[in-house]
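Presented below is the structure to which this report refers.
Model, not experiment: these values are computed from the prediction. In what follows, every heavy atom counts, from backbone to side chain, and hydrogens, waters and symmetry copies are set aside.
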Amino acid sequence: MTRKALGMALAATLAACTQDPGFVGAPGVREATAAEVGACTYVSDIRMTPGVYGLLAGEGVKYARNKIMADARDAGANTVVFDPVTPGADVYELHAVAWRC
């Protein structure tokens with residue numbers, strides 16, 4: 001089994017064992033662009049550092065994005081605008097703005 005396949009299998013196993021929003025997402029919260037939230041109400045800025053790098057970096061970013069969306073929902077938002085990330089670049093921190101639309 002390749003390292004990537006092993007990492008994906010590990011992530012899938014962990015996701016099946018928990019209802020952690022980082023693994024299952026945040027129902028009721030959508031991602032939007034900055035242009036789409038012009039008529040919305042600002043709720044909060046949220047930052048998070050992915051917990052894993054290297055082999056599991058992609059899963060770490062996905063988990064952090066889901067947690068940000070869950071935190072936004074808990075703060076009363078229903079829409080999140082993430083800062084753009086350069087494709088292929090290492091991500092050391094995610095930033096998003098939460099909005100109520």
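With a 4.5 Å cut-off on side-chain heavy atoms, Thr41 and Trp99 do not count as touching. For the pair Lys62 and Pro50, the minimum side-chain heavy-atom distance is 4.5 Å or more. Proximity of Leu94 to Val85: side-chain heavy atoms (C-beta onward) are separated by under 4.5 Å at one or more points.
When all heavy atoms of Gly76 and Arg100 are compared, the pair lying nearest together is O-NH1, 2.8 Å. Heavy-atom minimum distance, Glu36 versus Cys40: O-SG, 4.3 Å. Of all heavy-atom pairs between Val29 and Thr79, the closest is CG1-N, 4.3 Å. Across Met69 and Ala26, no two heavy atoms sit closer than the pair C-CB, 3.7 Å. Between Ile68 and Val80, the shortest heavy-atom contact is CG2-CG1, 4.3 Å. In terms of heavy atoms, Thr49 sits closest to Tyr92 at CG2-O, 3.2 Å.
Under a hydrophobic-cluster definition in which Ile, Leu, Val, Met, Phe, Trp and Tyr are linked whenever side-chain heavy atoms come within less than 4.5 Å, directly or via other members, Ile46 and Val61 are assigned to the same cluster. Val43 and Val97 fall into different hydrophobic clusters, where Ile, Leu, Val, Met, Phe, Trp and Tyr side chains are chained together by heavy-atom contacts under 4.5 Å.
For the side-chain contact (heavy atoms from CB on, under 4.5 Å) test with Tyr63, the passing option among Lys67, Glu59, Arg65 is Lys67; the others fail.
For the atom pair Thr33 OG1 and Phe82 CZ, the distance stands at 13.5 Å (nearest 0.5 Å).
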